[in-house]
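Below, each value reflects all heavy atoms present in this structure, side chains not excepted, and no hydrogens, waters or symmetry copies.
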Amino acid sequence: MTAQLALDEAGLRRLLHGLPPVDQVGADARAAKLGTRSIKTSAKAQALDLAVRMVDLTTLEGADTPGKVRALCAKGIRPEPDQPDCPSVAAICVYGDMVPTAKAALAGTGVKVAAVATAFPSGRAPLAVKLADTVAAVEAGADEIDMVIDRGAFLSGRYALVAEEIAAVKAACRTNGHDAHLKVILETGELATYDNVKRASWLAMLAGADFIKTSTGKVSPAATLPVTLLMLESVRDFRAQTGRQVGVKPAGGIRTAKDAIKYLVTVNETAGPDWLDPDWFRFGASSLLNDLLLQRRKLATGVYSGPDYVTVD
Amino acid sequence: MSKTAAKNAAAAAEAPRSSVRKTYKLYIGGAFPRSESGRSYTVTAPGGEFIANAAQASRKDARDAVRAARSAQAGWAKATAYNRGQVLYRIAEMLEERRDQFAQQIVSVEGGASAAAYAQVDAAVDRWVWYAGWSDKLSQVLGSANSVAGPYWNISSPEPTGVVAVLAPATPTLLGLTSVIAPAIVGGNAVVAVAPDACAVPAVTLGEVMATSDLPGGVVNLLTGSTAELAPWLAAHLDVNALDLAGVEAGSELARELEVAAAENLKRVVRPGRDHDWNADPGLARVKPFLETKTVWHPVGI
């Protein structure tokens, strides 16, 4: 199996259906087991800071305004204005039309701009529209593009179509000498089975994804620990076979620091410490950051803090 | 009764039956969870006989309780005063129906005569009714239309302060708990109450009363265990707005420490009284400290 493998229908079907099937009960049990690990004191402090550095602080609402995006950027750069040791988040994730606003607000800070594209969240648009959406975001300065796959095509077995779309969007990310990172959203809540999650992960990686992402956050269930565990196993196996490392981004439904730490434990125990880095693992989240900050303060001061002491965004 | 049925009944009467004991758990967010820590402690009668194993709440249970109280508080404050009064009265109704159960529990944990226990239950029921009546009268008594030198209506009205942590007195168990919880919730606050030691037995039963009284989950949260262990966490918690020290000895080192911790975010503190008489008319002494006065200036005649 190589990355140069032809992405034709028959070849993909043979490959994806040849993947070892997933033991669903086993995956659930393994994820539940990893969720019980206890991370305390100094290890917890490091885990919280790492989780902050991995957050893709997200606002994807119809009601977004440039002012709200700027406020979110300010928070992403300095989550705790009175604590200089608190790291910045990894990226700010917005809709394509907000990229210029976010890019200006984040200039020179090292915080990246991620834009959702390709008719997010449904992905129901002609390919030309999806590519135009992507090119517009890339030209406006997006460092990362979060695309959605065509779940309808995937579920009806048209794997080549999905792969070609991903490859085309990947090419669009490189328009005019740009080199935007491509995150491929599988929307695992719509894929029905763990086997499908595994197949979609492999399909996205073969087609050129730099990151595979669980969900849009608009469909329930969004990210779950067992699904992320499967995707981490997939990127680990993919690197072992092809030598190329792909990142993972669970998104949606991760709201507490406790959950975030469970994910970090799963990353370490599944894919390994190579992935414990904002370049290879991200959290797509909005309210998670506030809880991480509250837990950070609890560790620093010894008293419980409250929602009155963090910004509401 | 047929012959077979009579035979079965006779057999059932003879056979030894294992008793079904109640598990005394916490009351947080409208549910009855065990302590997160998994700990429990033995509640004994004054004579030392075993009564029950109660859940020993930890600081994390206190944290969860504060979170539950915070999320329930806005809805409870938004309910009409009339509705809050109805819910408090409903608690009295439910309590009255369990009169015998409470009297028996009070005798077992406090000792003393059955008549005194019944008197305490009656006093507690009456207190719920008394505070229920206050709910739609607080703004008339504590609010005012102020005269000001200018073309304004100037109106002050009482608003709930938010989440109140109350440390219930060890005795009288039921009346003490009622006398600290009812005045805090009548104005629209949510409560995290610590029921110390043997108080756990009537406290958990009071939680069952509240769970069946249309009181929204999380408005009252009951933690059983040690006041000395839980109080410092609640006193220092930045999401708690007020603290009632009823269950702490007046002038003690603990009372001083709790007041110092509470000062961090300017909590309102009700200090413990010496030899407080829980049977006396409480007035609004425990209602007023948990209400903030909001004053509105409204221009007229322009």
Is it true that the side chains of [X] and [Y] contain a donor and an acceptor less than 3.5 Å apart?
X      : Y     : result
B/S58  : B/D61 : yes
B/Q56  : B/S40 : no
A/T311 : A/K75 : yes

| query | Near B/E264 CD, under 6.0 Å, is it more than 12 heavy atoms from other residues, nucleotides or ligands? | reply | no

| Does atom CZ of A/R78 have more than 12 heavy-atom neighbours from other groups under 6.0 Å away? | no

| request: Output the distance between atom CG (A/L276) and atom CG (A/D274), rounded to the nearest 0.5 Å. | output: 9.0 Å

| field | Part of residues 216-239 of chain B lying next to chain A, heavy-atom separation under 4.5 Å | value | B/W233, B/A236, B/H237, B/L238, B/D239

| residues 296-306 of chain A: residues contacting chain B (heavy atom under 4.5 Å, by number) | A/K298, A/G302, A/V303, A/Y304, A/S305, A/G306

| request: Check the pair A/K68 / A/T59 against side-chain hydrogen bond (donor to acceptor under 3.5 Å, both in side chains), numbers first and verdict last. | output: CA-CA 9 Å; A/K68 187 181 173 192; A/T59 181; 3.1 Å; yes

| Results of ring-ring contact (aromatic ring centres under 6.0 Å, His included) for B/Y131 - residues two or more places apart only | none

| remark: Across all chains, not counting sequence neighbours, the ring-ring contact (aromatic ring centres under 6.0 Å, His included) partners of A/F120 are A/Y95

